[in-house]
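As C-alpha cells, the structure follows; a few thoughts come after it.
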Amino acid sequence: MAPRGPAGLSSLVPWAAAVLLVVGVERAPALPEICVQCPGSVRNLSEVALYCKQTPELMLQARCCLNQKGTILGLDLQNCSLKDPGPDFPQAHTAVIIDLQANPLRDDLANIFRGYTQLQTLILPQDVSCPGGINAWDTVTFYINNQTCQGQKNLCNSTGDQEMCPENGSCVPDGPGLLQCVCADGFHGYKCMRQGSFPLLMFFGILGSTTLSVSILLWGTQRRKAKAW
C-alpha cells in the first residue's frame, strides 16, 4: 500500500490557499466612495494614469490611483458632468494629482480645496480659475480645452508678512492659496495669548450646568402652562 502522507498533504494545499485568499480579501482596504462617484475607469492616456504607472507600488482602481494602504494619490473625474466635486470629495485630500476637466464646474473652488496640502497638479476646465489664483501656483498653463495648475506654493514662505500670525503661533499651509495660524504648544485661545492647556473640564462643566438649568426652567414653564390649560 502506498503511503498516504504526501497525498494528505497535497489535499491541504488548495484549502490553505483558499484561506489565505479570504484573509487577503478581508484585509483589503475598502475603495473610497469618491473613486466610484463617476462611472467607468481612468483612461490609459490620462495624466492620472501616467502618474500612477510611474510607481510600481501604486494601482489604478475605478477613478483613483491608490497606494497599498488605500490612500488616494490621484483622482480622475474628468467628463463626469459635475457642477461641484460633491460631498465625498474631501476623501481625496491626500491626492498629488487631480483631473476635473470637461465638467461644468462653478468657478469658485477655493474653499473646496481647503486641506489639500499635497496637491501638485490640478487639471480644470478652461473657464474655471485655479483655486487661490495664479499666485498660489508655480505655473498655470492654458490649453485649448483645459488648464493645468502646477506646483502648489507655500504661502507661508512667500507672503513676507512677519505679523500674519501672533507671536505664539506659526503659519502652516492649508491648501492652494490658503493658510492658517496654529498655536505653539502650551498656548491657545484668541491670538494664542492664553498659556496652558485648554480647561476642558471647566468648559464642559459650565456647559453641562447651563444646559441643565435651561432644561429645568423650560420644563417648569411648560408644566405650569399645562396645568393652567
Review point. Taking atom CG of L179 and atom SG of C156, what is their separation to the nearest 0.5 Å?
Key: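 Answer for the CG-SG pair, L179 versus C156, is 5.0 Å.
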Exercise for review: Look up atom SG in C183 and atom CE in M193, then write down how far apart they are to the nearest 0.5 Å.
Suggested key: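 Reported to 0.5 Å precision, the distance equals 11.0 Å.
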Exercise for review: Please assess V140 against Q147 for the test side chain to side chain contact (heavy atoms under 4.5 Å, CB included), listing each intermediate value before the final yes or no.
Suggested key: CA-CA 7 Å; V140 176; Q147 63 174 304; 3.6 Å; yes
pair [X]-[Y]: side-chain heavy atoms closer than 4.5 Å:
{"X": "Q37", "Y": "R63", "answer": "no"}
{"X": "N79", "Y": "R43", "answer": "yes"}
{"X": "L109", "Y": "L124", "answer": "yes"}
{"X": "K83", "Y": "N103", "answer": "no"}
{"X": "T148", "Y": "N146", "answer": "yes"}
{"X": "L122", "Y": "P131", "answer": "yes"}
{"X": "I112", "Y": "P85", "answer": "yes"}
{"X": "L105", "Y": "P125", "answer": "yes"}

Exercise for review: Go through the steps to decide whether Q150 and Q120 satisfy the test side chain to side chain donor-acceptor pair (under 3.5 Å), and finish with yes or no.
Suggested key: CA-CA 6 Å; Q150 188 80 35; Q120 293 300 316; over 6 Å; no
Taking [X] for the side chain and [Y] for the main chain, is one N or O donor matched with an acceptor at less than 3.5 Å?
{"X": "Q101", "Y": "I123", "value": "no"}
{"X": "Q180", "Y": "C171", "value": "no"}
{"X": "Q91", "Y": "E33", "value": "yes"}
{"X": "D107", "Y": "S129", "value": "yes"}

Practice item. Determine if the SG-SG distance between C35 and C64 falls under 2.5 Å. Key: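 Between C64 and C35 there is a disulfide, given that their SG atoms are under 2.5 Å apart.
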Practice item. Give yes when the SG atoms of C192 and C181 are nearer than 2.5 Å, otherwise give no. Key: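 Looking at C181 and C192, their sulfur gamma atoms do not lie closer than 2.5 Å, so the answer is no.
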Provide the closest heavy-atom pair for [X] versus [Y] in the form atom of the first, atom of the second, distance.
{"X": "A110", "Y": "L178", "answer": "O-CD1, 3.6 Å"}
{"X": "N154", "Y": "P173", "answer": "OD1-CG, 3.4 Å"}
{"X": "Q152", "Y": "L119", "answer": "NE2-O, 2.8 Å"}

Same cluster or not: are [X] and [Y] linked, directly or through other Ile, Leu, Val, Met, Phe, Trp or Tyr residues, by side-chain heavy atoms under 4.5 angstrom apart?
{"X": "I97", "Y": "W137", "result": "no"}
{"X": "L45", "Y": "Y51", "result": "no"}
{"X": "L58", "Y": "I98", "result": "no"}
{"X": "V96", "Y": "V42", "result": "yes"}
{"X": "Y143", "Y": "I134", "result": "no"}

Review point. Between Q118 and T94, does any side-chain donor sit less than 3.5 Å from a side-chain acceptor?
Key: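 No pair is found: no donor N or O on one side chain lies under 3.5 Å from an acceptor on the other.
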Donor-acceptor contacts, no H, no angles, side chain residues 65-76, under 3.5 Å, sequence neighbours left out:
residue: N67; atom: OD1; partner: K69; partner atom: N; Å: 3.0
residue: N67; atom: OD1; partner: G70; partner atom: N; Å: 3.1
residue: N67; atom: OD1; partner: T71; partner atom: N; Å: 2.8
residue: D76; atom: OD1; partner: Q78; partner atom: N; Å: 3.1
residue: D76; atom: OD1; partner: Q78; partner atom: NE2; Å: 3.3
residue: D76; atom: OD2; partner: S46; partner atom: OG; Å: 3.1
residue: D76; atom: OD2; partner: Q78; partner atom: NE2; Å: 3.1

Exercise for review: Scan for salt bridge (Lys or Arg N to Asp or Glu O under 4.0 Å) pairs involving residues 164-186, sequence neighbours excluded, and state none if there are none.
Suggested key: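 Listed once each, the pairs are R114-D174.
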**Study point:** M59 CE: over 12 foreign heavy atoms closer than 6.0 Å
**Key:**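 Above 12, so yes.
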Review point. Sequence neighbours excluded, which residues qualify as salt bridge (Lys or Arg N to Asp or Glu O under 4.0 Å) partners of R106?
Key: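 Not a single residue meets the salt bridge (Lys or Arg N to Asp or Glu O under 4.0 Å) criterion with R106.
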**Study point:** Parallel, tilted or perpendicular, as decided by the 30° and 60° cut-offs, for the rings of F89 and Y116
**Key:**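 Parallel, since the angle between the ring planes stays under 30°.
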